J.: 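Structure incoming, see below.
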Amino acid sequence: QVQLRESGPGLVKPSQTLSLICTVSGGSITTAYYYWSWIRQSPGKGLEWMGDIAYSGSTYYRPSLKSRTSISRDTSKNQFTLHLSSVTSEDTAMYYCARGARTGDYYYWGQGTQVLVSS
């Protein structure tokens, strides 16, 4: 049973960096062939894939967010992190971490954490 949980600030000021941690239990983030993703959803919008880090450590980012996004991991803690720099109000969203399979399916999700970007 894989479980994921997001943690981090609920409020971030514009221009600052949003940092979120996803803690994984019940499975290793280094297990082939999964990848570990950050996905967000703004009110009235669909899910937006932001990026992920594969079991190998390789990272992939949504092109429109690539310049501001960094995903890393700490295998000793079985955690992976999201850093989104230079945030604006447009980054206000519910942020999820999830496990992706090679097929592109996401069967395991965190509960999500609400992030408000506001001064």
Side-chain angles (χ1 to χ4, degrees):
Q1 176 71 18
V2 176
Q3 297 180 34
L4 301 88
R5 186 172 71 88
E6 306 88 349
S7 61
L11 178 65
V12 184
K13 294 183 177 181
S15 83
Q16 294 188 338
T17 295
L18 168 64
S19 297
L20 298 175
I21 299 173
C22 182
T23 300
V24 179
S25 62
S28 173
I29 61 174
T30 64
T31 296
Y33 299 97
Y34 300 111
Y35 47 95
W36 306 87
S37 304
W38 286 101
I39 301 163
R40 68 181 182 182
Q41 184 172 32
S42 299
K45 298 182 180 179
L47 297 171
E48 180 184 49
W49 174 81
M50 301 181 69
D52 49 43
I53 184 164
Y55 65 97
S56 62
S58 297
T59 54
Y60 307 90
Y61 303 108
R62 186 179 189 88
S64 62
L65 297 174
K66 190 175 189 302
S67 66
R68 298 194 292 130
T69 307
S70 178
I71 298 173
S72 59
R73 67 180 183 177
D74 185 337
T75 58
S76 68
K77 296 180 179 180
N78 213 36
Q79 296 177 328
F80 63 104
T81 64
L82 169 71
H83 298 286
L84 182 66
S85 66
S86 303
V87 300
T88 72
S89 61
E90 296 297 313
D91 295 309
T92 293
M94 182 76 78
Y95 285 76
Y96 299 91
C97 57
R99 190 187 80 174
R102 291 183 296 170
T103 57
D105 295 319
Y106 290 91
Y107 291 115
Y108 296 96
W109 294 69
Q111 65 182 19
T113 185
Q114 184 70 51
V115 176
L116 173 65
V117 179
S118 177
S119 60

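Since this is a predicted model, take the numbers as computed values, not measurements. Numbers here simply count residues along the sequence, with the first being 1.
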J.: Rounded to the nearest 0.5 Å, what's the gap from CG on Leu82 to OH on Tyr95? Could you check?
T.: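 Output value for this atom pair is 7.0 Å.
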J.: Using a 4.5 Å cut-off on heavy atoms from C-beta on, say whether the side chain of Asp52 contacts that of Trp36.
T.: no
J.: How many angstroms lie between atom CZ of Arg99 and atom SG of Cys22, to the nearest 0.5 angstrom?
T.: 12.0 Å
J.: Under 3.5 Å, which donor-acceptor pairs link side chains of residues 109-119 to any protein atom two or more places apart or in another chain?
T.:
| residue | atom | partner | partner atom | Å |
| --- | --- | --- | --- | --- |
| Trp109 | NE1 | Tyr106 | O | 3.1 |
| Gln114 | NE2 | Ala93 | O | 3.2 |

J.: Kindly compute the distance separating OH (Tyr61) from NZ (Lys66), expressed to the nearest 0.5 Å.
T.: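 Reported to 0.5 Å precision, the distance equals 7.5 Å.
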J.: Rounded to the nearest 0.5 Å, how far apart are CG of Leu18 and NZ of Lys13?
T.: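 One finds 15.0 Å between CG of Leu18 and NZ of Lys13.
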J.: Could you list the residues that satisfy ring pair (Phe, Tyr, Trp, His ring centres under 6.0 Å) with Tyr33, not counting sequence neighbours?
T.: Tyr55
J.: Are Leu4 and Ile39 linked, directly or through intermediate hydrophobic residues, by side-chain heavy-atom contacts shorter than 4.5 Å (ILVMFWY only)?
T.: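 Different clusters.
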J.: CD1 of Ile29 to CG of Asp74: how many Å apart, nearest 0.5 Å?
T.: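 Output value for this atom pair is 7.5 Å.
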J.: Let me check something: do Tyr96 and Val87 share a hydrophobic cluster, defined by ILVMFWY side-chain heavy atoms less than 4.5 Å apart, either directly or through other members?
T.: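 Tyr96 and Val87: separate clusters.
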J.: Compare all side-chain heavy atoms of Glu6 with those of Leu20 and state whether any distance is below 4.5 angstrom.
T.: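 Contact flag for Glu6/Leu20 side chains = no.
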J.: One pair to check against side-chain contact (heavy atoms from CB on, under 4.5 Å): Ser42 and Thr92. What are the steps and the verdict?
T.: CA-CA 7 Å; Ser42 299; Thr92 293; over 6 Å; no
J.: Look at the side chain of Gln3 and the backbone N and O of Ser25, then say whether any donor-acceptor pair between them is shorter than 3.5 Å.
T.: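 Not confirmed, Gln3 side chain does not pair with Ser25 backbone.
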J.: Flag yes if Val24 and Ile21 sit in one hydrophobic cluster, no otherwise; membership is Ile, Leu, Val, Met, Phe, Trp, Tyr, and two members link when side-chain heavy atoms are under 4.5 Å apart.
T.: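 Result: no, two separate clusters.
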J.: Examine distances only and state if a side-chain atom of Tyr107 and a backbone atom of Ala101 form a donor-acceptor pair shorter than 3.5 Å.
T.: no
J.: Test your reading of the model: is there a side-chain donor-acceptor pair from Arg68 to the backbone of Ser85, 3.5 Å cut-off?
T.: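 Looks like yes, one N/O pair under 3.5 Å.
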J.: Rounded to the nearest 0.5 Å, how far does OH of Tyr35 lie from CZ of Phe80?
T.: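 Here the rounded value is 12.0 Å.
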J.: Who are the salt bridge (Lys or Arg N to Asp or Glu O under 4.0 Å) partners of Arg5, not counting sequence neighbours?
T.: none
J.: Using side-chain contact (heavy atoms from CB on, under 4.5 Å), reason through Met50 and Ile71 one step at a time and then give a plain yes or no.
T.: CA-CA 10 Å; Met50 301 181 69; Ile71 298 173; 5.9 Å; no
J.: Has Ser58 got a side-chain atom pairing as donor or acceptor with Ala54's backbone, closer than 3.5 angstrom?
T.: no
J.: Compare every heavy atom of Val12 with every heavy atom of Pro9, then report the nearest pair and how far apart it is.
T.: CG-CG2, 3.9 Å
